[in-house]
Protein chains: 2
Amino acid sequence: MARAALAAKAPEERRERIMLATIAVVRERGFAGTRVADIALEAGTSQGLVLYHFGSLAGALAAGLTMLEDEFYDDFAHHLAAEDGPVERLRFMAELAAGRGAAVGNWALWLELWARALRDPDARAVRESQDRRWRAALRRVIDEGVAAGSFSPSNSAKSVLRLAALMDGLAVQLALNEPGMTTRKFTELWWESAVLELGITEPAKRGKSPR
Amino acid sequence: MARAALAAKAPEERRERIMLATIAVVRERGFAGTRVADIALEAGTSQGLVLYHFGSLAGALAAGLTMLEDEFYDDFAHHLAAEDGPVERLRFMAELAAGRGAAVGNWALWLELWARALRDPDARAVRESQDRRWRAALRRVIDEGVAAGSFSPSNSAKSVLRLAALMDGLAVQLALNEPGMTTRKFTELWWESAVLELGITEPAKRGKSPR
DNA sequence: GCGCATATTGAACAGGCGTTCAGGATACGC
DNA sequence: GCGTATCCTGAACGCCTGTTCAATATGCGC
């Protein structure tokens, strides 16, 4: 019969579709509001299949998060490498964090992840890895800038911590769309702080200068 | 009978006990893990009474949050007024945020609140009000410092935003107890940033200087 | 073509939990 | 003292939702 047409057609593709659906639903409803039925509906499959592939709702959530993590980072690393100097790279990171690639939706997801990480080990691992990668990238860019003579931080390790934390803090405002906080403002505030922290003198050749 | 001893004894006191119990449970289990039964148990009353007073679980949560908000702010404002100069007050805020008064537990609660604020209007209102109050206090201290000649920010409005955001960002690390992040480190990192932002010259008379 | 491992479905199950409710105790005005 | 409004309880109800399961389809090695 044509009714149950696609069975066992491309199981790997279905798995992936479910993971994508999972993060889509979490983005829309949050962790607390995500049901197996929602995921199945979004993925266009049955509830049973979600459990078949991932064992439980928690399993599906974990798988979705891990996928998101890798996907995001690969994309980021790829684009970062395309920029040519440390100043440009730093600028790129500022813009990426502020909203390029629909980060607003992502920041909301981040807030959810932080809260969940308080109790769920999987979430904690994902956010920790993500955070470490991001900070490592920041540190590399800064070291590179120091080597090239563009930056002169008084303490680069601390600057990394502060600049990364500032992004998270600004992101809270952005995600909760506090009046007055926009992606432009985010970039502007962060960039000025970076200038102050790192003693940047030469402006970024690519990308418009702040403001 | 002595069995059902305390009925209608002090309804207002029971209400308050329930609100306190509510935030205690949220602190321990998070919003997602908080059940009416937990609150009742913690408060030493019946499940029915929680609903009688607050109408629903959501109502109890909202009431608890509002109570927490006022309580925290009153306490803060009281202590802040006791400090004598702008530098001392700024220092006090740094230390309060970093962990005085068991803020670590509170920061965890904040993360939960942020995530919940994405969807729940009550939570959003509470966190917005809290945030506004905190930033207003920061701004007042900074203005005071400018007037007294202790601070010389290049743009005080922006400094307020950045310093407040930095606290939130550092708080994420602290709440998720990232290795290496402690209350001391929190204060140190934030204070250095404040020095940089505000051009503080004179050290705080009270409280040890950073590090 | 046959049989077996893998996918997939939809329905049924069962536990958890918010809410409702009928009933009682207490304080308080009269 | 009596009646009434308020406070409080514990049990029962019923829905929501994660998980289980038997049945079926599909692809694949032989």
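Letters go in sequence order (proteins before strands), and every chain restarts at 1.
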Contacts of B:R139 that satisfy salt bridge (Lys or Arg N to Asp or Glu O under 4.0 Å) - sequence neighbours left out: none
Atom-pair distance (CG on A:L49; P on C:dT6), nearest Å: 15 Å
Distance, rounded to the nearest Å, where A:R29 contributes CZ and D:dC16 contributes P: 14 Å
Rounded distance (Å) that lies between atom P of C:dT6 and atom CD of A:E12: 14 Å
Under 4.0 angstrom between B:H53 side-chain N/O and D:dC8 OP1 or OP2: yes
Spacing of B:F54 atom CZ relative to D:dC7 atom P, expressed in whole Å: 12 Å
Partner set under ring pair (Phe, Tyr, Trp, His ring centres under 6.0 Å) for A:F76, not counting sequence neighbours: A:Y73, A:W134
Residue-phosphate contact under 4.0 Å: A:R14 side-chain N/O, C:dT8 OP1/OP2: yes
Pi-cation contact, B:W110 with B:R127 (under 6.0 Å, within 45°): no
Sequence-distant partners of B:E13, side-chain contact (heavy atoms from CB on, under 4.5 Å), two or more places apart: B:A10, B:R17
Residues in ring pair (Phe, Tyr, Trp, His ring centres under 6.0 Å) contact with B:F54, at least two apart in sequence or another chain: none
Qualifying residues under side-chain contact (heavy atoms from CB on, under 4.5 Å), relative to A:D70, sequence neighbours excluded: A:T66, A:R133
Side-chain N,O (A:Y52) to OP1/OP2 (C:dT8) below 4.0 Å: no
Gap between atoms CD1 and P, on A:I18 and C:dA7 respectively (whole Å): 12 Å
B/S/- contact track for nucleotides 15-22 of chain C, protein heavy atom under 4.0 Å: --SBB---
